[in-house]
Chemist: 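One structure is given below, represented as structure tokens, and several questions about it will come after.
Below, each value reflects all heavy atoms present in this structure, side chains not excepted, and no hydrogens, waters or symmetry copies. Both counts, for ligands and for their atoms, begin at 1 and track the order of listing. All figures in this text were calculated on a predicted structure; none of them were measured in a lab.
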Amino acid sequence: MTAPATPSRYSHVTGWGLALPEKIVTNDDLSKTLDTSDAWITERTGIKERRIGGTTKDLAVEAGSKALQVAGLSPSDIDLLLLATTTPDKTIPATSCAVQEALGLACPALDFNAACSGFVYGLALAHGQILAGANRVLLVGAETLSRFVDWQDRTTAVLFGDGAGAVVLEASDQPGGLRSWSLAADGSLEHLLLCDLPGTIVMKGREVFRKAVAAMMAASQEALERAGITIDDINLLIPHQANTRIISTAAQRMGAPPEKVVEVLSWTGNTSSASIPTALVDAIEQGRVKPGDLLLLVGFGAGMTSAGAVLEWGS
Ligand code: COA
């Protein structure tokens, strides 16, 4: 599904926030209980450490609260809360309802699961609601994947981490903000990456790798075309943080130079729905995002889903 932003009402990011658990688990820590090594994990994935702990609700609340603060908004200003997560705290009710209550919001709230593409899906969903009349949407990606990892399985345990990232999207008549998006899903690829209930994450790593590179390139290309720009116009590429080799292979094939690519993977691991907003917030906090910059956000994940979006940064 692709669509350009309607040129009468725009969705700008005006607030952002990050939450990561305090507990750091290094590759050396994992090597004590698994047949693995820092050298293998670093070379094959780019991951050095990951943060573990907390609840999806608490991480989402912390990131969401920071985003409200940066936007200078009070809880009553928010018209909708969207929580992208594959790891809700409970099956019923939605974790977003607990987040809504904890943040003091008075708006509708829902969870949705598009796996690691969830945050980019959420940008498009938020924009749709802004076109339909909402003025401010709080979009959070939050995960506690450590609860669904088999800590005896070296092929998956080394990859994932916990965390949350959030943005406020505000309606504006000023051009910019979300310029375009491209969303896709292919349910025939479910067997590549899944977690039954009850159960833990199982994955065909090599096949995911191949599909991921192709999906990222297709989603990026479509989002760029929809925005009427090329990869050369992009100031920063903010990809889903799953594996540094996936990121560099896709970036190289797309023609994005390494200095334009944002990576936080080495200290976060793969945090699924939280990964792209974490990378976005880190880039903002590092001073890498300037007014007028064009950002290409691109993700892929279980489903398989994939999604790309072009975001024009406001002032
Ligand atoms: N430590 C040491 N050895 C490991 C290991 C680990 N943590 N995990 C796997 N191995 C071993 C395998 O058992 C295999 O051993 P063998 O040759 O004796 O059978 C060998 O390393 C190679 O395994 P392979 O799966 O081919 O490695 P790889 O280079 O493809 O790397 C991944 C594995 C998982 C890192 C990589 O495929 C990947 O990142 N895939 C994408 C996963 C992903 O992004 N998932 C999330 C999507 S949102």
Chemist: Mind checking what residues have non-hydrogen atoms under 4.0 angstrom from ligand 1?
Modeler: D35, T36, W40, R44, T45, C116, R154, T155, V158, L193, M203, G205, R206, V208, F209, H240, A242, N243, R245, I246, N270, F300, G301
Chemist: Pairs under 3.5 angstrom only: tabulate donor-acceptor contacts from the side chains of residues 100-120 to other protein residues two or more places apart or in another chain.
Modeler:
residue : atom : partner : partner atom : Å
Q100    : NE2  : C107    : O            : 3.0
D111    : OD1  : T95     : N            : 3.4
D111    : OD1  : S96     : N            : 2.8
D111    : OD1  : S96     : OG           : 2.7
D111    : OD2  : T95     : N            : 2.9
N113    : OD1  : A115    : N            : 2.9
S117    : OG   : T305    : O            : 3.2
S117    : OG   : T305    : OG1          : 2.7
S117    : OG   : S306    : N            : 3.4

Chemist: Can you give the donor-acceptor pairs under 3.5 Å from side chains of residues 75-83 to other protein atoms, not counting sequence neighbours?
Modeler:
residue : atom : partner : partner atom : Å
S76     : OG   : S74     : OG           : 3.4
D77     : OD2  : S74     : N            : 2.8
D77     : OD2  : S74     : OG           : 3.2
D79     : OD2  : N135    : N            : 2.6
D79     : OD2  : R136    : N            : 3.1

Chemist: Does a side-chain N-to-carboxylate-O contact under 4.0 Å join E222 and R226?
Modeler: no
Chemist: Centroid-to-centroid, W313 to H12, below 6.0 Å?
Modeler: no
Chemist: Tell me, with the steps shown, if R51 and E22 meet side-chain contact (heavy atoms from CB on, under 4.5 Å).
Modeler: CA-CA 7 Å; R51 312 294 173 106; E22 275 179 24; over 6 Å; no
Chemist: Suppose the criterion is side-chain hydrogen bond (donor to acceptor under 3.5 Å, both in side chains): which pairs have a residue in residues 199-211, not counting sequence neighbours?
Modeler: none
